[in-house]
Amino acid sequence: MQIDIVSVIPQVFEPYFDASIMGRARKAGIFDLSVHDLRDWTHDRHRTVDDAPFGGGQGMLMKPEPIFEAVEDLAARGDVKPHVVFFSPVGTPFCQAEAERLAGYERLLFVCGRYEGMDERCYELADEVISLGDYVLTGGELAAMVVSDAVVRLLPGALGDEQSAQDESFSDGLLEYEQYTRPADFRGRCVPPVLLSGDHGAIARWRRESSLERTARLRPDLLDKLELSEGERAFVDDIVQDSETQGGM
Ligand code: SAH
């Protein structure tokens, strides 16, 4: 996968994408990241990318010319047309299913906003607009990093163990089951004995139940979309009722 990012602070990306799993995946050629300085598409001495909003009001907006030129120029480079993503609190909320969908593109182009956001006409360039959540960041850089990370780790070979991306929270609509490592007894708190039993069938059943229990207790909003057996549905309904009467966690 090829990822292009356009930003006015391009220097923030390299340290993250050079380290750890992202760094290894990048070196292994699983994804290629090119970060571009939006100011390279300005034509004035001050390399201006912002201007005051029409109608008054606080702050500055990103002006359309450099953003249009950057996206048009980058889209024309290379053989594959990029899927263009902008970031904004008014966008579609990001989630694991969206990450999985984006992982299907060969080339992504992320455009990071700053200041009070962008001139509305810029959004014509976007194939989609993503929000990280209901809060306001100072810029789209963190959003581009979060989305890139969530997408790249789904690419074949990015994580050492292929299995690990499948078992995780949200991959089947549930939260992940509880996990434990050594020691089996830590300060008197013991790991559930079934996990030490070596009985793979029993462990799989325990994990499924742990996932269902946690999801019902912590994120009952996720339950509606799930396909559950009658027994499982009764199990989660009981937990939801109990936590409603006990007041949550
Ligand atoms: N005035 C805008 C916020 C601008 S914040 C508003 O009220 O909607 C500046 C930039 O940060 C945005 O252009 C966007 O690229 C990024 N940003 C801020 N919050 C974000 C969020 N929740 N999700 C994705 N991007 C966000």
Side-chain angles (χ1 to χ4, degrees), residues 16 20-22 85 87-104 128-137 140 142-155 158-249:
Y16 187 75
S20 186
I21 294 175
M22 291 297 128
V85 179
F87 301 101
S88 164
V90 309
T92 308
F94 191 58
C95 64
Q96 189 64 17
E98 297 286 300
E100 280 162 18
R101 185 175 54 75
L102 290 177
E128 63 182 288
V129 183
I130 291 178
S131 165
L132 275 203
D134 292 342
Y135 42 80
V136 180
L137 302 165
L142 284 172
M145 287 165 89
V146 167
V147 173
S148 298
D149 184 295
V151 167
V152 165
R153 71 194 292 290
L154 293 172
L155 301 176
L159 302 177
D161 177 2
E162 286 291 317
Q163 191 60 28
S164 45
Q166 285 164 23
D167 269 3
E168 288 172 323
S169 294
F170 312 115
S171 58
D172 57 0
L174 292 167
L175 300 182
E176 193 184 52
Y177 44 80
E178 293 178 1
Q179 301 238 63
Y180 299 89
T181 184
R182 273 176 280 272
D185 178 345
F186 175 65
R187 299 186 179 177
R189 288 189 299 248
C190 293
V191 169
V194 61
L195 298 179
L196 312 176
S197 69
D199 179 343
H200 294 296
I203 291 170
R205 285 192 295 281
W206 183 89
R207 287 182 165 164
R208 176 76 182 169
E209 196 168 298
S210 170
S211 275
L212 289 166
E213 188 275 327
R214 277 224 284 203
T215 310
R217 189 162 45 87
L218 302 173
R219 291 293 305 276
D221 57 297
L222 297 175
L223 295 171
D224 295 343
K225 294 184 216 124
L226 293 177
E227 279 185 36
L228 301 178
S229 69
E230 249 177 67
E232 287 180 337
R233 185 58 71 184
F235 177 74
V236 297
D237 284 349
D238 277 354
I239 293 163
V240 171
Q241 269 179 1
D242 278 359
S243 36
E244 275 167 6
T245 46
Q246 285 162 24
M249 296 174 72

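Bear in mind that the values here come from a model prediction, so they are computed numbers and not experimental data.
The side-chain heavy atoms of L174 and L212, taken from C-beta on, include a pair separated by under 4.5 Å. Side-chain contact between P192 and Y180 is present, with at least one heavy-atom pair separated by less than 4.5 Å. Put simply, the side chain of R207 reaches to within 4.5 Å of the side chain of I203, judged on heavy atoms. In this structure, the side chains of D172 and R208 come closer than 4.5 Å at one or more pairs of heavy atoms. Two residues are said to be in side-chain contact when any heavy atoms from C-beta on lie closer than 4.5 Å; E128 and L102 meet this criterion. By the 4.5 Å heavy-atom criterion applied to side chains, L223 and V240 are counted as neighbours.
Between F87 and V129, the shortest heavy-atom distance links the atoms C-CG1, 4.3 Å. For the residue pair A99 and V151, the shortest heavy atom distance occurs at O-CG2, 3.8 Å. Shown here for A144 and S148, the closest heavy-atom pair between the two residues is O-OG, 2.7 Å. Taking every heavy atom of both residues into account, E100 and S171 meet most closely at OE2-CA, 4.3 Å. Among all heavy-atom pairs drawn from F235 and E213, the shortest one is CE2-N, 4.0 Å. For the pair E176 and S169, the tightest heavy-atom approach, listed with the atom from each and the gap, is N-OG, 2.9 Å.
Note: Y177 OH to T215 OG1 = 12.5 Å, rounded to the nearest 0.5 Å. To the nearest 0.5 angstrom, L218 atom CG is 10.5 Å from D221 atom CG. L175 contributes atom CG, which lies 9.5 Å from atom CZ of R217 (distance to the nearest 0.5 angstrom). To the nearest 0.5 Å, atoms CG (D242) and CG (D237) are separated by 11.0 Å. Note: L137 CG to S131 OG = 8.5 Å, rounded to the nearest 0.5 Å. Note that CE of M22 and CG of D149 are 3.5 Å apart. Values are rounded to the nearest 0.5 Å.
Judged purely by atom type and a 3.5 angstrom limit, S243 uses its side chain to pair as donor or acceptor with the backbone of I239. At least one donor-acceptor pair under 3.5 Å links the side chain of S197 to the backbone N or O of V194.
The 12-atom threshold is not exceeded at CD of E227, counting heavy atoms of other residues, nucleotides or ligands nearer than 6.0 Å. More than 12 heavy atoms of other residues, nucleotides or ligands lie within 6.0 Å of CG in D185, so this atom counts as buried by the packing criterion.
The residues E230 and R233 are annotated as not salt-bridged, no charged nitrogen and carboxylate oxygen being separated by less than 4.0 angstrom.
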